[in-house]
Amino acid sequence: MAAHMQHIHIISCIFIIIIIQFSVFEGRPRSKQTIEATAGAVTGEATFEANKSKVYYGIPPEPDLGVVIEEESEDDDDKDKPKKKKVKKDSNGPGKKKQEHNPNAPPLNRQIQFPVMKDSDKLVKITLMREAAKRIRLGPDTLPSICFYSVLNAHTSLNTVSMSEDSSLLSGGFEDSSVRVWSLTPKKLRMLKSPSELAQIDKEAEDVLERIMDHRTAVESRRLIGHSGPVFSTSFNTDNSFLLSSSADRTVRLWSLYTFSSLVCFKGHNYPVWDVQFCPKGHYFATASHDRTARLWSTEHPQPLRILAGHVSDVNRVAFHPNCNYVATGSCDRTVRFWDLNTGSSVRFFTGHKGAIYSLAFSPDGRYLASSGVDKRILVWDLAEGTLLTELKGHSDTVYSLRFSRDGNMLASGGVDNCVKLWDARAICNPEDDEEERSNENPESSKCETFELGSYPTKRTPVHCLHFTLRNLLLASGPFIPSS
């Protein structure tokens, strides 16, 4: 009997040793809700080691753009001649204003290199900056107007929609292997004049971009033919001179929007290319494919510069960080990865989604990343800490599109549930500042309900694309689905 009791005592001691274990977790303490929110990935929960690398999420200062001046003709006889506009450095202009380097931005010795900006590029940049200076500051009391573009007779054929940076063009990729470009302004799409006519144009004239276009070719939309499979993604560059498209034919095509013809066919992926995105500064672009890789390309090289491998299933979405030194990828393996383009290595690994990821969006300051997909949830990640910031619920179906406003105060989302939702990004990204205010207003309300500022259903149009204009007007688009 004594021996039997001793045996029971030993077993109980072993049981206590197994139960009482201490694991050291570096970083912020996590609640049960946070642990549950970050579970569900095919590859298991992300470890601390996967997210401990330093991330330079800051935005470097803008390059010296100079100022735009107009040269007037000195002779009275030349009054009818057009003024010439060019970029000139001025010690009193904004281009000479000294800007401090953001300590969170990538150091100069590790930034991605870009070609020297041409004067025409500087003029485009200055124009965009002037337009952005007129934007409205959004908030809970100042919601944006929403303009929706429904594409008719395309509910079974339209795969993707995208808009240009200046909100003047819209493009769509179709099942019949074609790409279509529409003008969203009264200014129609025109082609270049003939070589003999171009030779007679004054290249220094202020309106040279107008003079080189042939008004006889003006149309509201153009159809681009070249792919041999369905087109899944399109992307404009900053000055609307080029368009990229990716297809099931395993290629990416670069189109000229001056001649509306295919310039280059990029080959490298082994399976369909689900997504392609231009870098915010142009020159580079990234792709995501069924072959479980994302790739970095340059418009000047036919082969990829980086192959980003690590996902264990399709890479559905790729997005450039605002400082152009990183890209984020979303996959069917339910994870989000954040890649350093200098080394090609993964510096952040986020788990938490319960289904495939179809949309990614960075905040304008570069610190936060929002992701969404099949699980109907929107997760907001803190890139600096490498942690989940918050979880947003409200959609009833797959969320296909996310977009931060230009001032970073608002997050827009839309998807298959035919609804556009607005979220208070300022409160989401600054939870400590607004926690007391939220609890005082309505202590029983959940965070998701508090963060949601508005919900705007469409008639029968899923939201494929969201875009904030430079003045913070929200544009949306998708294919209209007729009632059966």
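Under the 3.5 Å distance criterion, the side-chain polar atoms of N237 are matched with a main-chain donor or acceptor of S241. Judged by distance alone, the side chain of S331 and the main-chain N or O of R334 form no donor-acceptor pair under 3.5 Å. A donor-acceptor pair under 3.5 Å is formed between the side chain of S183 and the backbone N or O of K187. Looking at S401, its side chain does come within 3.5 Å of a backbone N or O of L466 through a donor-acceptor pair. Judged purely by atom type and a 3.5 angstrom limit, S247 uses its side chain to pair as donor or acceptor with the backbone of P230. A donor-acceptor pair under 3.5 Å is formed between the side chain of N316 and the backbone N or O of I357. Put simply, the side chain of S405 gets close to the backbone of N409: a donor and an acceptor are under 3.5 Å apart. Without hydrogens or angle criteria, S233 side chain to V276 main chain gives a donor-acceptor distance under 3.5 Å. At distances below 3.5 Å, at least one donor-acceptor pair connects side-chain atoms of N323 with backbone N or O atoms of Y56. The backbone N or O of G172 sits nowhere less than 3.5 Å from a side-chain atom of T234 that would complete a donor-acceptor pair.
With sequence neighbours excluded, the residues forming a side chain to side chain contact (heavy atoms under 4.5 Å, CB included) with L341 are I112, L296, L308, F320, V327, listed by chain and number. Y149 meets the ring pair (Phe, Tyr, Trp, His ring centres under 6.0 Å) test with no other residue; sequence neighbours excluded.
Annotation: salt bridge (charged side-chain N to carboxylate O under 4.0 Å, His left out) contacts involving residues 464-479, sequence neighbours excluded, comprise E131-R471. Identified under the side-chain hydrogen bond (donor to acceptor under 3.5 Å, both in side chains) test for residues 133-143, with sequence neighbours left out: none. For residues 459-483, the pairs satisfying ring pair (Phe, Tyr, Trp, His ring centres under 6.0 Å) are Y400-H464, with sequence neighbours left out. The salt bridge (charged side-chain N to carboxylate O under 4.0 Å, His left out) pairs that include a residue from residues 158-167 are E165-R406, where partners are two or more places apart or lie in different chains.
Centroid-to-centroid, the aromatic rings of F451 and W423 stay 6.0 Å apart or farther. The ring of F278 has its center no closer than 6.0 angstrom to the ring center of Y284.
L143 places none of its side-chain heavy atoms less than 4.5 Å from the side chain of L138. With contacts defined as side-chain heavy-atom distances shorter than 4.5 Å, the pair N240/L169 qualifies. W255 has its side chain within reach of L224: a pair of non-hydrogen atoms, C-beta onward, lies under 4.5 Å apart. Within the 4.5 Å cutoff, side-chain heavy atoms of F285 are placed close to those of T299. The closest side-chain heavy-atom distance from L392 to L379 is not below 4.5 Å. Side chains of E385 and R367 form a contact here, defined as non-hydrogen atoms less than 4.5 Å apart. At a threshold of 4.5 Å between non-hydrogen side-chain atoms, the residues T287 and T293 do not count as touching. Counting heavy atoms from C-beta on, the side chains of V315 and D275 never come closer than 4.5 Å.
Among all heavy-atom pairs drawn from Y326 and D340, the shortest one is CD2-CA, 3.6 Å. Here the closest heavy-atom approach between residue C419 and residue S455 is recorded as SG-OG, 3.0 Å. Shortest non-hydrogen contact noted between H353 and D375 is ND1-OD2, 3.0 Å. Across every non-hydrogen atom of S483 and R460, the tightest pair is N-NE, 3.6 Å. For the residue pair S150 and T461, the shortest heavy atom distance occurs at OG-OG1, 3.4 Å. The minimum heavy-atom distance between P462 and I481, with the atom names listed, is CD-CD1, 3.6 Å.
A side-chain N or O of R253 and one of S262 form a donor-acceptor pair less than 3.5 Å apart. Side-chain atoms of S162 and S171 include a donor-acceptor pair closer than 3.5 Å. Checked by atom type, the side-chain pair R337/S346 shows a donor-acceptor distance below 3.5 Å. A donor-acceptor pair shorter than 3.5 Å can be found between the side chains of N159 and E175.
How far CD of E220 is from CG of L184: 11.0 Å, rounded to the nearest 0.5 Å. Rounding to the nearest 0.5 Å places CD1 of I59 at 10.0 Å from CZ of F362. Between the CE atom of M213 and the CE atom of M191 there is a distance of 8.5 Å, given to the nearest 0.5 Å. Remark: L192 CG to D214 CG distance equals 9.0 Å, nearest 0.5 Å.
Cation-pi check for R317 over Y358 is not met; the charged atom does not lie both under 6.0 angstrom from the ring centroid and within 45 degrees of its normal.
In I201, the CD1 atom is crowded: over 12 heavy atoms of neighbouring residues, nucleotides or ligands sit closer than 6.0 Å. Within a 6.0 Å sphere centred on NZ of K193, other residues, nucleotides and ligands contribute more than 12 heavy atoms.
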